[in-house]
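Numbering of ligands and ligand atoms starts at 1, following listing order. As the structure is a prediction and not an experimental result, all values here were calculated from the model.
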Amino acid sequence: MKFSTKAIHVGQEADPATGATIVPVYQTSTYTQDAVGEHKGFDYSRTINPTRLALEKQLASLEGAEFGYAFASGMAATAAVLNLLSAGDHAVVTDDLYGGTYRLFSRVLERYGLSFTYVDMSDLAAVRAAVRPNTKLFWIETPTNPLLKLIDIAGVVGIRGELATKATVVVDNTFASPYFQQPLALGADVVVHSTTKYIGGHSDVVGGVAITNDRAIADVIKFHQNAVGGVPGPHDAWLTMRGAKTLALRMRQHAENAHVVAEFLERHDEVSRVYYPGLPSHPQHELAKRQMSGYGGMVSFVLKGAQSRALDFANRLSYFSLAESLGGVESLICHPARMTHGSIPKEDRERRGVTDGLLRLSVGIEDVEDLLDDLSRALASVVPA
Ligand code: P1T
């Protein structure tokens, strides 16, 4: 089965009870047993639910994997995967990443005795230099949020191979989506998504998933899914599954529109820098061609002038809503320093390039001519630098 066929068919056989063609929303917390322990494979909905199970099978198949576990949010999925570590363990983490992931690592998990080193993982020498005897995990986000840096997944897997103890390579594949990037095929052990984004695709549901082909890792994640209980409800699972059916169609249009928008911004006098992996000016454009089958729908850029100018520009747009999140059919704009990455201390943020003039676009699948008109109008009317 190819990608879109899997999205529409895996886990989604006709309902055994009724023949319903579409997987029903099994809005039940529990299941009647014939006798103690005698049931149809379902006992309690924190542990297992048929709608959630269908979503887990669908999403695992899209990453070419055997095991998938759905969570109530991307952060809950990330937290579950970090349970692979124990007190005293160390992780190497990309220094450009979603602010909430940084917050979880630095303000929650450090208190439990884990330690994290943040490095520019687009530089493999820096990754190697950050490894310690107790390094047990590499956390890769690629393309990164919000600077769209690329990390060489196979390169990091190679460094892991040099270590005496096996460390787990985890990729947050939210920005690329499984349609454009398949980390497990490149040697990664676990893939995490915020399904809130491209997989759900319509900005109407929050969710996450952790996916792997490694049975021992799967057992740990499954154990924590049940023991900690950060699971999505059946209706959220159903919405996410419905969104994912059209992932391929949407991703193609997101990428086509984003490419046009990135080229337009790169030519514009008011813009000092554009970050998009599909542009030849992107420092890792060659890696993008190798590692991804398309460049995605996210474009970041720096507007010349002060922060107030970037905020004024964002407010002048009609079709790009000023909002956190990304990956929905509608276009969004965000000011990372004040919004998604506000939880990273200012000096850290600026050192990493998340400056006050930086804006991030989630380019939707509207008609691209309308998006360009919107951007042109706002650029023409923004307060002078
Ligand atoms: O919001 P949640 O579903 O919990 O997912 C967290 C998350 C994880 N990984 C990446 C790469 C993300 O971008 C996110 C969430 N990001 C935003 C809300 C944002 O606007 O960047």
- Task: Go through the structure and list residues passing side chain to side chain contact (heavy atoms under 4.5 Å, CB included) with Ile8, not counting sequence neighbours.
- Result: Lys245
- State, without any angle test, whether Asn173 and Gln181 hold a side-chain donor-acceptor pair at a distance under 3.5 Å. yes
- Message: Run the side chain to side chain donor-acceptor pair (under 3.5 Å) test against Thr94 and tell me which residues pass, sequence neighbours left out.
- Response: none
- What does the list of residues with a heavy atom under 4.0 Å from ligand 1 look like, ordered by chain and number? Ser73, Gly74, Met75, Tyr98, Glu141, Asn145, Asp172, Thr174, Phe175, Ser194, Thr196, Lys197, Gly207, Glu324, Ser325, Leu326, Thr340, Arg360
- For residues 299-312, pull every pair meeting salt bridge (charged side-chain N to carboxylate O under 4.0 Å, His left out), keeping only residues two or more places apart or in separate chains. Glu270-Arg309, Asp312-Arg316
- Centre of Tyr102's six-membered ring, under 6.0 Å away, within 45 degrees of the axis: is that where NZ or CZ of Arg352 sits? yes
- Message: Looking at Tyr69, I'd like to know if the NZ or CZ of Arg52 sits under 6.0 Å from its six-membered ring centre while staying within 45 degrees of the ring's axis.
- Response: no
